[in-house]
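Reviewing the structure listed below.
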Amino acid sequence: MVCTWAQKSHFPHLNGSRVHLTLHHPRSPCSPAPLPSDLPFSAVLTHDDARIASLAARLAKTPSSRPTALDESSSSSDESSSLASVPLGPGTSVGVGNYVTRMGLGTPAKSYVMVVDTGSSLTWLQCSPCIVSCHRQSGPVFNPKSSSSYASVSCSAPQCSDLTSATLNPAACSTSNVCVYQASYGDSSFSVGYLSKDTVTLGSASMPNFYYGCGQDNEGLFGRSAGLIGLARNKLSLLYQLAPSLGYSFSYCLPTSSSSSGYLSIGSYTSGKYSYTPMVSSSLDDSLYFIKLTGITVAGKALSVSSSAYSSLPTIIDSGTVITRLPTGVYSALSKAVSAAMKGTPKASAFSILDTCFQGQASTVRAPAVNMAFSGGAVLKLAARNLLVDVDSATTCLAFAPANSAAIIGNTQQQTFSVVYDVKSNRIGFAAGGCS
């Protein structure tokens, strides 16, 4: 595989009224912050299940009570604080399913490897002096003192109040009146630190006064990324902060682990090439992206379930979930139909949460054409690599599982498609052949 990342400048190009960034698969050897090469796929599925559980807890509005504290009494920092124990709301697991890109921060700008997440709002990254803890990251940790444009945000600033909706946790206040954020994720990863503002650089474009979290206690599985870029529907997300200059839309192509790279583009897009489905508003969580799945066909034949089965649960499209979750009846019918269409392929035993498995690899078995249809006429025509996922060197499994509280369109099904989130027009679009 030829990795294209190193041949590009650290800050990719600005293209007219949009910013275009390179995206890498978390398990690609080309990733600037790859996951361990010996990470078993069962670990990926365990973290995927944690992400699903955390999304379910979010929709049920169930807080988790893990106390966190920033105690800087032994630090030379001039921002001293001690946080009381507060219940932390469930965020979304940022384990091993999320794609990574680079973001510039500070003056002069330095480049950082960041996880990209449509299920999170607040952007944050690890900051020195890492008062409590920093996980290992690719490249040096951001030092606020080395940026002439850095400023911490006071507790009375409106952005401090906005943290509650962005992180689902209340903001706290340090003894020196600096706003403290707490972002918690479903796999028990979390980041706690100071709400800050600085100049963000994407491509050749820089934007001052970008609000983000400067993390002083960052624990859990974030690969070797420096932090996270939030793209959810919230005023503190990167999308909403860039919107006044670039507009309320972003698109991406999620590459496979064996292809070199995809992209994340924020701003204007070519509207004609997509088929669209309306975003559905939901009182469950107004920051997530809900859509309506209306049907699935296998080898041209509709699944034998009622049309109401598809809408029996709310459906979210998500960049960080690996395995798509479907309402139980729909999943059972899909499993049965795919198994029947692949009856010539020897079956394999179930693997973790995946119960429909075959001997071989997605690239070598004969898989049926499977189409996922959404309201408004948008269709995802799944190739074998979008339908099946290789769990080891001899086994491939149907990349779907039954859902409990919400159906989720995961990233295995989205890989190699261009997916546009047009928040202004309230629609999501799909187009084939996006990463090429």
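Here the structure is a predicted model, which is why all the values come from computation and not from measurement.
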Establish, from distance only, whether the side-chain atoms of [X] and [Y] form a donor-acceptor pair under 3.5 Å.
{"X": "Ser154", "Y": "Asn177", "result": "no"}
{"X": "Ser319", "Y": "Asn98", "result": "no"}
{"X": "Arg102", "Y": "Thr22", "result": "no"}
{"X": "Asn234", "Y": "Ser165", "result": "yes"}
{"X": "Ser206", "Y": "Thr201", "result": "yes"}
{"X": "Asp422", "Y": "Tyr269", "result": "yes"}
{"X": "Ser257", "Y": "Ser28", "result": "no"}
{"X": "His135", "Y": "Glu219", "result": "no"}
{"X": "Thr395", "Y": "Asp392", "result": "yes"}

If only atom types and distance count, is the side chain of [X] paired as donor or acceptor with the main-chain N or O of [Y] below 3.5 Å?
{"X": "Tyr181", "Y": "Ser196", "value": "no"}
{"X": "Ser265", "Y": "His20", "value": "no"}
{"X": "Thr270", "Y": "Gly272", "value": "no"}
{"X": "Gln413", "Y": "Ala399", "value": "yes"}
{"X": "Ser249", "Y": "Gly267", "value": "yes"}
{"X": "Gln216", "Y": "Ile131", "value": "yes"}
{"X": "Ser174", "Y": "Val178", "value": "yes"}
{"X": "Gln159", "Y": "Asp162", "value": "no"}
{"X": "Ser128", "Y": "Cys130", "value": "no"}
{"X": "Gln126", "Y": "Ser133", "value": "no"}

When you compare the side chain of [Y] with that of [X], does any pair of heavy atoms fall below 4.5 Å?
{"X": "Thr256", "Y": "Thr416", "value": "yes"}
{"X": "Val423", "Y": "Leu239", "value": "yes"}
{"X": "Tyr421", "Y": "Thr118", "value": "yes"}
{"X": "Asp318", "Y": "Leu55", "value": "yes"}
{"X": "Tyr252", "Y": "Leu231", "value": "no"}
{"X": "Val19", "Y": "Leu246", "value": "yes"}
{"X": "Ser282", "Y": "Leu288", "value": "no"}
{"X": "Ile316", "Y": "Ile409", "value": "no"}

Quiz item: Hey, mind stepping through Lys235 and Gln241 against side-chain contact (heavy atoms from CB on, under 4.5 Å) and telling me if it holds?
Solution: CA-CA 7 Å; Lys235 61 172 85 165; Gln241 291 192 62; over 6 Å; no

[X] to [Y] - nearest heavy-atom pair and separation:
{"X": "Lys273", "Y": "Ser418", "value": "NZ-OG, 3.8 Å"}
{"X": "Leu313", "Y": "Pro327", "value": "CD1-CA, 4.1 Å"}
{"X": "Ser146", "Y": "Lys110", "value": "OG-NZ, 4.0 Å"}
{"X": "Ala56", "Y": "Ser405", "value": "CB-OG, 3.1 Å"}
{"X": "Leu23", "Y": "Thr101", "value": "CD2-CB, 4.0 Å"}
{"X": "Tyr276", "Y": "Gly429", "value": "CD2-CA, 3.7 Å"}

Self-check item: Salt-bridge contact Arg51-Asp117 (side-chain N to carboxylate O under 4.0 Å)
Solution: yes

Quiz item: Are the charged groups of Arg325 and Asp49 less than 4.0 angstrom apart, N to O?
Solution: yes

How long is the gap from [atom1] on [X] to [atom2] on [Y], to the nearest 0.5 Å?
{"X": "Asp390", "Y": "Arg385", "atom1": "CG", "atom2": "CZ", "result": "12.5 Å"}
{"X": "Ser147", "Y": "Asp198", "atom1": "OG", "atom2": "CG", "result": "3.5 Å"}
{"X": "Asn218", "Y": "Trp124", "atom1": "CG", "atom2": "CH2", "result": "4.5 Å"}
{"X": "Ile266", "Y": "Leu21", "atom1": "CD1", "atom2": "CG", "result": "6.0 Å"}
{"X": "Phe290", "Y": "Thr277", "atom1": "CZ", "atom2": "OG1", "result": "14.0 Å"}

Exercise. Would you sort out whether Tyr274 and Phe430 count as a ring-ring contact (aromatic ring centres under 6.0 Å, His included), showing the intermediate values?
Key: CA-CA 5 Å; Tyr274 294 93; Phe430 303 110; 8.6 Å; no

Quiz item: Once the angle between the rings of Tyr150 and Tyr212 is folded into 0 to 90°, is it parallel (under 30°), tilted (30 to 60°) or perpendicular (over 60°)?
Solution: perpendicular

Quiz item: Between Phe142 and Tyr112, what is the ring plane arrangement, given parallel below 30°, perpendicular above 60°, and tilted in between?
Solution: perpendicular

Quiz item: Counting heavy atoms not belonging to Lys381, are there more than 12 under 6.0 Å from its NZ?
Solution: no

Exercise. Please say whether more than 12 non-hydrogen atoms of neighbouring residues, nucleotides or ligands are located less than 6.0 Å from CG in Asn143.
Key: yes

Quiz item: Are the aromatic rings of Tyr331 and Phe400 close, with centres under 6.0 Å apart?
Solution: no

Exercise. Indicate, with yes or no, if the rings of Tyr99 and His24 have centres closer together than 6.0 Å.
Key: no

Self-check item: Test side-chain contact (heavy atoms from CB on, under 4.5 Å) applied to Met103 and Ile229, step by step
Solution: CA-CA 9 Å; Met103 178 184 89; Ile229 291 174; 4.1 Å; yes

Quiz prompt | The single option from Thr396, Val389, Thr356, Val391 passing side-chain contact (heavy atoms from CB on, under 4.5 Å) against Phe351 | solution = Val391

Exercise. State which residue, out of Val338, Thr324, Ile323, fulfils the side-chain contact (heavy atoms from CB on, under 4.5 Å) condition with Leu398.
Key: Val338

Quiz item: SG to SG, are Cys155 and Cys160 under 2.5 angstrom apart?
Solution: no

Practice problem: Compare the SG-SG distance of Cys397 and Cys357 against 2.5 Å and report whether it is shorter. | Solution: yes

Quiz item: Would Thr315 and Ile408 count as a side-chain contact (heavy atoms from CB on, under 4.5 Å) if you check the C-alpha gap in whole Å, the side-chain angles of each, and the deciding distance to 0.1 Å?
Solution: CA-CA 5 Å; Thr315 300; Ile408 297 172; over 6 Å; no

Quiz prompt | side-chain contact (heavy atoms from CB on, under 4.5 Å) between Leu242 and Met207, worked out | solution = CA-CA 8 Å; Leu242 292 177; Met207 186 189 80; 3.6 Å; yes

